Each structure stands twice: as structure tokens, then as C-alpha cells.
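Have a look at the structure below before the remarks.
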Amino acid sequence: MTDDLHLAWVLLRAEAAALRAQPDRGEITTTVIVTALLAIAAIAIVAIIVAKLTAKARSIDLGGS
């Protein structure tokens, strides 16, 4: 049991060291900005479609009084 825990600890430390050695490439910021812009564009497009459909639906004459 002690050998298993020791092996797990060694592997965990090696993985942590490998992650620390990787330089931060700064791609997260770009990804977040692009994703936010796409989300804003999608919301705007949906809002335009809803507005046009609502206007068209209200303009239909149902022949009522």
C-alpha cells in the first residue's frame, strides 16, 4: 500500500513539474474574446429575427373588427 501511495505521489509531482515547465502562450484571452464576440453576434442576430417576425405577425390583417 505504501508503495502505491509513493508511486502516485511521484507521478503527481512529475505531472505538476511538467505543467509548470510549459510556458503560458496567452491563447486563453484570445479564445475568450472571440467566443464573447460570437455570442454577442448570435444574440444580435436572434434579436433581429425576432423583431422582424413580430413586426410581420402584427402586420397581418385577420379581417377582424
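Only this structure's heavy atoms are used, side chains among them; waters, hydrogens and symmetry mates stay out. Keep in mind that what you see is a predicted model, and the values were worked out from it rather than measured.
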To the closest 0.5 Å, what do you measure between [atom1] ([X]) and [atom2] ([Y])?
X	Y	atom1	atom2	answer
T54	I49	OG1	CD1	11.5 Å
H6	D3	NE2	CG	8.0 Å
I40	T35	CD1	OG1	11.0 Å

**Request:** Would you kindly confirm whether L53 and I45 end up in one hydrophobic cluster when ILVMFWY residues are joined by side chain heavy atoms under 4.5 Å apart?
**Result:**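 The answer is yes; both residues are in one hydrophobic cluster.
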- Given L38, L37, T31, the one that forms side-chain contact (heavy atoms from CB on, under 4.5 Å) with V34: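 Only one of L38, L37, T31 forms a side-chain contact (heavy atoms from CB on, under 4.5 Å) with V34, namely L38.
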| said: I'd like to check L62 versus I60 (side-chain heavy atoms, cut-off strictly below 4.5 Å). Are they in contact? | reply: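 They are in contact (side-chain heavy atoms under 4.5 Å apart), so the answer is yes.
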